[in-house]
There are 2 protein chains.
Amino acid sequence: MPERAEKSGKERFLHFLAGKRLRITSQRRAIIDTVFATEEHFTAEELLEWSRARDHSVSRATVYRTLPLLTASGLVGEMDFGKNRKYYDPNYADRPYHNHIVCLDCGRIVEFDSDRLAELEGEIRKRLGFSVQSRRLYMSASCEALRKPGGCPRRQQTAATAH
Amino acid sequence: MPERAEKSGKERFLHFLAGKRLRITSQRRAIIDTVFATEEHFTAEELLEWSRARDHSVSRATVYRTLPLLTASGLVGEMDFGKNRKYYDPNYADRPYHNHIVCLDCGRIVEFDSDRLAELEGEIRKRLGFSVQSRRLYMSASCEALRKPGGCPRRQQTAATAH
DNA sequence: GTGGGTGCAAAGTGTTTGCAAGTGT
DNA sequence: ACACTTGCAAACACTTTGCACCCAC
């Protein structure tokens, strides 16, 4: 489980809970600490495992009952790849709208954003009369760098911005 | 189950099976006839029900074993909304790359495409070094027409193109 | 004190699979 | 004939839920 400087995501979620008069239990605290201490995408089962490392009393049921709160807060994103299980993305606290590329060569997931998508929303409003409320874009791609000497920049950036 | 003029989707899939030396059984025929006679998105369970209306001997197992063949052929798309179940889209035979908007007001699913997405792929190649192989874009949107006199054009188009 | 939260295990839901029998080519 | 297919039901994987106890507020 990777570490990162704990930002305000955690505090923002605690505030979200308080606003709904929901309680901060030791188990929820362990789960929340875990979620906002990683940048990785994770599954429910992984979150259980990692949270138990902090507080052994965390149960599977509590993880599954806490995840909807996290997504409802808008601070954690829910992602559907082709898999049966759901993946969760803690990076929505900082970047509410971002998109995902799955690298077909190394499996890495790259996050990106582009102004073109905002433009596309304008086009949709104009042509189809829809006011876009949310979007999720998944792409699979092969790494062109692999085909050149030097290879895949696999261990470099894990998130990129293409503004 | 809606009807439509049966296009070449069915024939293309039969050809796909023949190319893999796979057999055309009566059950598969019922499933294939069903898939390519609708424009609607459907679930595995719906496909089972509709196929059984044509051939009562179709089993759930055969439906589940045939769906991967359909998606592997590229003629049927697999869609992941937030739901646990998968939805299948038979319209990939005609339009291999299209995207989905779910209307928050009436639940209708609108298909669309835009050149901007091809442009985005070019941007991604240039900036991130990824050659995009596939993409899936889901948007949720509210219908602006609803807010004007005349209301939502709900029963009109079910597919739209925004080229 | 009390209403929400918890762990446990059982139940759900959607999908996959082992097996013996059936069938297209 | 042979290998691919099938239906059935059991098995799976993931998620949800009923219940009695617990604890944050």
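Computed from a predicted model, the values in this text were never measured in an experiment. By convention in this document, chain letters (A, B, ...) are assigned in the order of the sequence lines, proteins followed by strands, and residues within each chain are numbered from 1.
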Measure CD/A/E45 against C1'/D/dT16 and give the value in whole Å, please. 14 Å

Look at the aromatic rings of A/Y138 and B/Y138 and report parallel, tilted or perpendicular, splitting at 30° and 60°. perpendicular

Using the 3.5 Å cut-off, write out each protein N or O paired with an N or O of nucleotides 2-5 of chain C and the distance between them.
unit_1: C/dG3; atom_1: N2; unit_2: A/R23; atom_2: NH1; d: 2.2
unit_1: C/dG3; atom_1: N2; unit_2: A/R23; atom_2: NH2; d: 3.4
unit_1: C/dG3; atom_1: N3; unit_2: A/R23; atom_2: NH1; d: 3.1
unit_1: C/dG3; atom_1: N3; unit_2: A/R23; atom_2: NH2; d: 3.4
unit_1: C/dG4; atom_1: N3; unit_2: A/R23; atom_2: NH1; d: 3.4
unit_1: C/dG5; atom_1: OP1; unit_2: A/R28; atom_2: NH1; d: 2.8
unit_1: C/dG5; atom_1: OP1; unit_2: A/R28; atom_2: NH2; d: 3.0

Option from B/R85, B/R60, B/K86 for which salt bridge (Lys or Arg N to Asp or Glu O under 4.0 Å) with B/E45 holds: B/R60

Measure from the side-chain heavy atoms of B/I24 and tell me the nearest of C/dT25, D/dC8, C/dG14. C/dT25

Just list the side-chain donor-acceptor pairs under 3.5 Å for residues 68-81 of chain B, sequence neighbours left out, or say none.
unit_1: B/T71; atom_1: OG1; unit_2: B/L67; atom_2: O; d: 3.4
unit_1: B/T71; atom_1: OG1; unit_2: B/P68; atom_2: O; d: 3.1
unit_1: B/S73; atom_1: OG; unit_2: B/L70; atom_2: O; d: 2.6
unit_1: B/S73; atom_1: OG; unit_2: B/L75; atom_2: N; d: 3.1
unit_1: B/D80; atom_1: OD2; unit_2: B/R136; atom_2: NH1; d: 2.9

Could you give the CZ-to-P distance, from B/R65 to C/dT16, as a whole number of Å? 11 Å

Below the 4.0 Å mark, does C/dT16 have OP1 or OP2 next to a side-chain nitrogen or oxygen of B/Y64? no

What is the separation between atom CG on B/D80 and atom P on C/dT15, rounded to the nearest whole Å? 10 Å

Side chain to side chain contact (heavy atoms under 4.5 Å, CB included) partner of B/V58, the single match among B/L47, B/T34, B/I31: B/I31

C/dG14 P sits how many Å from B/L67 CG, rounded? 15 Å

What is the separation between atom CZ on A/R60 and atom C1' on D/dC14, rounded to the nearest whole Å? 10 Å

Can you classify the ring geometry of A/F36 versus A/F13 as parallel (below 30°), tilted (30 to 60°) or perpendicular (above 60°)? tilted

Given atom CZ of A/R29 and atom P of C/dT6, what is their separation to the nearest angstrom? 12 Å

In whole angstrom, give the distance that lies between atom CG of A/L17 and atom P of D/dA24. 14 Å

First of B/S26 and B/A44 reached from the 5' end of DNA chain C, by closest nucleotide: B/A44

So A/R125 and A/V132, do their side chains get closer than 4.5 Å, heavy atoms only? no

Contact nearer the 5' end of DNA chain C, comparing B/K86 with A/T66: A/T66

Whole-Å distance between D/dT16 C1' and A/L48 CG? 15 Å

Angle class for the A/H100/A/H98 ring planes (parallel below 30°, perpendicular above 60°, tilted otherwise)? perpendicular

The residue, B/A61 or B/N84, whose nearest nucleotide of DNA chain D is more 5′ is B/A61

